[in-house]
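Structure first, then comments.
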Amino acid sequence: MTPDVRPLVAGNWKMNGTRSSLDEIKAMAAGVDLLNCNISTLICPPVSLLYVATALATDSALEIGAQDCHARASGAHTGDISAEMIADCFGTHVIVGHSERRTDHKETDADVRAKTEAAWRAGLVAIVCIGETEAERKGGKTLDVLRTQLVGSLPDGATAENTVIAYEPVWAIGTGLTPSTADVEEAHAFMRAELKSRFAGEGAKMRILYGGSVKPNNAVELLGVANVDGALVGGASLKSADFLAICKAYETLQA
Ligand SMILES: O=C[C@H](O)COP(=O)(O)O
């Protein structure tokens, strides 16, 4: 199958959203079909809304995914959800290794690698998150951290079809701070080179998203950087108007 390598604007609702938020999903599903640009779009609501969200988005180009999965397909793992369960709810993607999971649940690169394999096993696209902390950036360790996380979190067999990378500087998440475009460009060029060296042609095509305080007012600037193939959006993905405004950055960038 030909991989979808169009820019991807993905929303991560984190632990936000109740049944009343389903109106936002409906508005997003309608809105993405009116975009005048060639992108893919995805919303990852909390798992409580997953099944209804996929039903609401059925006739739309908007895809629906989840924010985490367990490495195993089933079993005695109270409170967890498997990649197979996400696929059973018609989810298409799963975020793995988000920095909030790495911090809150002490997830390691090995855990993220196992979850990525679980996503593939269930036929999902894995969105593998990596990124440096503020201390690591200040210590000049950003590229080393990115290399280590890429090596540790990505199993052999990653392709442009089954994997998306999301670069999220931890200090930029939810803070309103963003790296300079030069810093984003450097990080993405570095990740591209690493991916090409390990996965050859697949690494050249694999999408690398930027995440961390992407908003309607900075989307054109950030998404226009070389090797930035989309965004992973947190806070600004909760409201359809903001999410669609970020998607519309591509109407400008692709014009
Ligand atoms: O997964 C999304 C990111 O953590 C970014 O969140 P944010 O857009 O609220 O900074």
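Both ligands and their constituent atoms are indexed starting at 1 by order of listing. If you're wondering where the values come from, they're calculated on a predicted model, not measured in any experiment.
- Annotation: H98 places an N or O atom under 3.5 Å from an N or O atom of ligand 1; distance criterion only.
- A salt bridge links R147 with D144: at least one charged nitrogen is closer than 4.0 Å to a carboxylate oxygen.
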Verdict with supporting geometry, N218 and T178, side chain to side chain contact (heavy atoms under 4.5 Å, CB included)
CA-CA 9 Å; N218 62 18; T178 54; 3.9 Å; yes
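- Every atom of ligand 1 is numbered from 1 in the order shown, and the set under 4.0 Å from a heavy atom of G174 is 7 (P), 9 (O), 10 (O).
- Below 3.5 Å of separation, one finds no N or O of V233 facing any N or O of ligand 1.
- At a 3.5 angstrom cut-off on N or O pairs, G234 counts as close to ligand 1.
- Of the N or O atoms in G235, one or more lie within a sub-3.5 Å distance of an N or O in ligand 1.
- If you look at I173 next to ligand 1, the close heavy atoms, those under 4.0 Å, come from the backbone and the side chain alike.
- Side-chain contact annotation: S153 with R102, donor-acceptor N/O pair under 3.5 Å present.
- Using a 4.0 Å cutoff on heavy atoms, K215 does not count as a contact of ligand 1.
- Residue contacts with ligand 1, taken as heavy atom pairs separated by less than 4.0 Å, involve A172 solely via the backbone atoms N, CA, C and O.
- Side-chain polar atoms of R207 and S40 form a donor-acceptor pair below 3.5 angstrom.
- Contact atoms of ligand 1 toward G212: 5 (C), 10 (O) (distance under 4.0 Å to a heavy atom of the residue).
- The residues R198 and D156 are annotated as salt-bridged, a charged nitrogen and a carboxylate oxygen being separated by less than 4.0 angstrom.
- Residues H105 and E100 have side chains that never bring a donor and an acceptor to within less than 3.5 angstrom of each other.
- With no hydrogens or angles considered, no side-chain donor-acceptor pair links S21 and W13 at under 3.5 Å.
- Interface of N12 with ligand 1, defined as ligand atoms under 4.0 Å from a residue heavy atom, comprises 1 (O), 2 (C).
- The single protein non-hydrogen atom nearest to atom 2 (C) of ligand 1 is E168 OE2, 3.1 Å, given as residue, atom name and distance.
- Ligand 1 is approached by S213 to a heavy-atom distance shorter than 4.0 Å.
- Side-chain contact between L124 and H93: absent, with no pair of heavy atoms (C-beta onward) separated by less than 4.5 Å.
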